[in-house]
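The structure appears right after this line, and notes come after that.
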Amino acid sequence: MAKETTLEISLSALKHNYHTLRSKLSPKTHFLAVVKAFGYGSEAVSVAKALETFGVDYFAVAYINEGVTLRKAGIKTPILVLHPQPLNFKTAIEYKLEPSVYSHRVLHEFISVAETLGVQEYPVHVKFNTGLNRLGFNKENVQTIANLLLGSDAVRAVSIFSHLAASDDLNENAFTENQIDEFRSISKQFEQHYGHCPTRHLCNTSGVINYPEAEFEMVRCGIGLYGYDNKESAPSELRPVMALKTVISQIHPIKKNDSVGYNRAYVATEPKKIATLPLGHADGIGRQYGNGVGSVKINGQIASIVGNVCMDMIMIDVTNISCKEGDEVVIFDSSLTANTLAQKAGTISYELLTAMSQRIKRIIIP
Ligand SMILES: *Cc1c(COP(=O)(O)O)cnc(C)c1O
């Protein structure tokens, strides 16, 4: 029973999700676990340590400082940094973090830092743009990049990769197939110019689920490990890893025409019972969940959020719910999922999960 706002992280659900995703792949395919943004809002170190024992081959984070945290906690598995900034390249090398090189500027700067530090054959991952138009070299650049890489002993391409724009959206199937073809053709060209083709990887979680033909030598799974598969239909085979729970701080009986919260956004049309909870937009429950959009669960019953979400509190309507101060409240868990709550506010599980503020207590459940 939660006595304060708590984010429970289930390592058994994580294990189940890892094995479920793994079972869709050929045994020789490598598995990269994405643990950026504090492990999608969970707790990156505990999650990475558990995943390391399950046997993942690689980790990915977005930024170099996220990788440093993992290394300081004793993570030994290779770590790919998806979006490194040249300012931190020296730190990356000190902590054995492997950069994605995605532009000429970034590649030149990395080679220069690697040469200055006197490292040999430092592993880098070459990112190609196949349609997302976010990060990556274009296919016209293949020969120049291969030559640049061959021209320096300080670096070595250990993988080439790209990212799918709409792997979760089957209406965009033709676009995705085209990305897969483009990536294939880029890898052939890369092989010609570089002498061999390193590990190739393209699929995120939805790619693994929807495009098994594009598995290549490695896949990169994030959201699936945390229990969400982005599928609208069919009950998920995955289990949500995180559960957000809190407690009722106070209950106010209010009269008709009384208002609740800032700017009096809620006005009672009849007598009501209102409960106040100790979490708000500073904890990751944004203002978009206010005014009836979001709801929570108390003693198995659903109560909607009334009025504006405050920084440290939300108020909920418990008029028809038998409850008292100190009772546990579920914001999301494995049955009332983060995805369901996120969808009510027109967003996705990724945003709600990664918004979970660092001030929320984490409990790791083995
Ligand atoms: C975040 C990210 C992933 C993981 O995607 P999921 O949909 O969470 O599985 C994979 N690859 C790249 C490049 C990413 O940025």
Side-chain angles (χ1 to χ4, degrees), residues 1-11 13-14 34-50 61-70 72-73 82-83 222-223 225-228 240-250 261-262 265 275-291 293-298 303-316 326-334 336-365:
M1 277 288 165
K3 293 288 170 213
E4 63 180 324
T5 303
T6 311
L7 188 67
E8 295 177 356
I9 298 151
S10 162
L11 298 184
L14 182 71
V34 183
V35 294
K36 62 193 178 190
F38 302 101
Y40 285 50
S42 63
E43 208 285 294
V45 167
S46 310
V47 162
K49 282 189 170 165
V61 292
Y63 302 114
I64 290 167
N65 63 353
E66 297 179 302
V68 170
T69 304
L70 296 179
K72 284 186 170 163
L82 294 165
H83 196 179
I223 198 76
L225 287 172
Y226 305 96
Y228 295 96
V241 164
M242 286 169 258
L244 181 63
K245 297 178 180 174
T246 188
V247 64
I248 297 178
S249 296
Q250 191 176 10
Y262 286 130
T276 302
L277 311 180
L279 86 169
H281 62 72
D283 300 289
I285 303 299
R287 285 171 52 96
Q288 66 271 34
Y289 294 98
N291 297 306
V293 172
S295 48
V296 303
K297 195 168 61 181
I298 304 163
S304 65
I305 301 177
V306 294
N308 287 318
V309 169
C310 312
M311 188 185 296
D312 313 307
M313 280 166 260
I314 53 178
M315 279 72 85
I316 56 174
D327 279 2
E328 181 175 273
V329 179
V330 174
I331 313 295
F332 56 76
D333 65 3
S334 53
L336 175 67
T337 69
N339 194 39
T340 308
L341 180 56
Q343 277 184 349
K344 286 185 181 166
T347 184
I348 54 177
S349 59
Y350 296 74
E351 187 186 21
L352 178 57
L353 295 175
T354 59
M356 291 298 102
S357 142
Q358 290 302 302
R359 78 174 176 184
I360 298 176
K361 178 173 170 182
R362 266 72 176 165
I363 294 185
I364 311 295
I365 300 171

Quiz prompt | Distance, nearest 0.5 Å, that separates NZ of Lys361 from NZ of Lys245 | solution = 13.0 Å
Quiz item: side-chain contact (heavy atoms from CB on, under 4.5 Å) with Arg359: which residues, sequence neighbours excluded?
Solution: Ala282, Asp283, Asp312, Ser357
Exercise. Check whether any side-chain heavy atom of Leu11 sits under 4.5 Å from a side-chain heavy atom of Ile364, and report yes or no.
Key: yes
Quiz prompt | Ile305 and Val293, any side-chain heavy atoms less than 4.5 Å apart | solution = no
Quiz item: In terms of the angle between their ring planes, are Tyr350 and Tyr40 parallel, tilted or perpendicular, with boundaries placed at 30° and 60°?
Solution: tilted
Exercise. Assess whether side chain to side chain contact (heavy atoms under 4.5 Å, CB included) is satisfied between Ile223 and Ile348, documenting all intermediate values.
Key: CA-CA 11 Å; Ile223 198 76; Ile348 54 177; over 6 Å; no
Quiz item: Heavy atoms, side chains only, cut-off 4.5 Å: are Ile285 and Leu352 in contact?
Solution: yes
Quiz prompt | Thr5 and Thr246 side chains, donor-acceptor separation under 3.5 Å | solution = yes
Quiz prompt | Sole residue of Val61, Thr69, Leu225 in side-chain contact (heavy atoms from CB on, under 4.5 Å) with Val35 | solution = Val61
Quiz item: Do side-chain atoms of Arg362 reach the backbone of Ser42 as a donor and acceptor pair under 3.5 angstrom?
Solution: yes
Practice problem: For residues Tyr226 and Thr354, determine if any side-chain heavy atom of one lies less than 4.5 Å from a side-chain heavy atom of the other. | Solution: no
Practice problem: Please determine if Lys36 and Glu66 form a salt bridge, counting it only when a charged side-chain N lies under 4.0 Å from a carboxylate O. | Solution: no
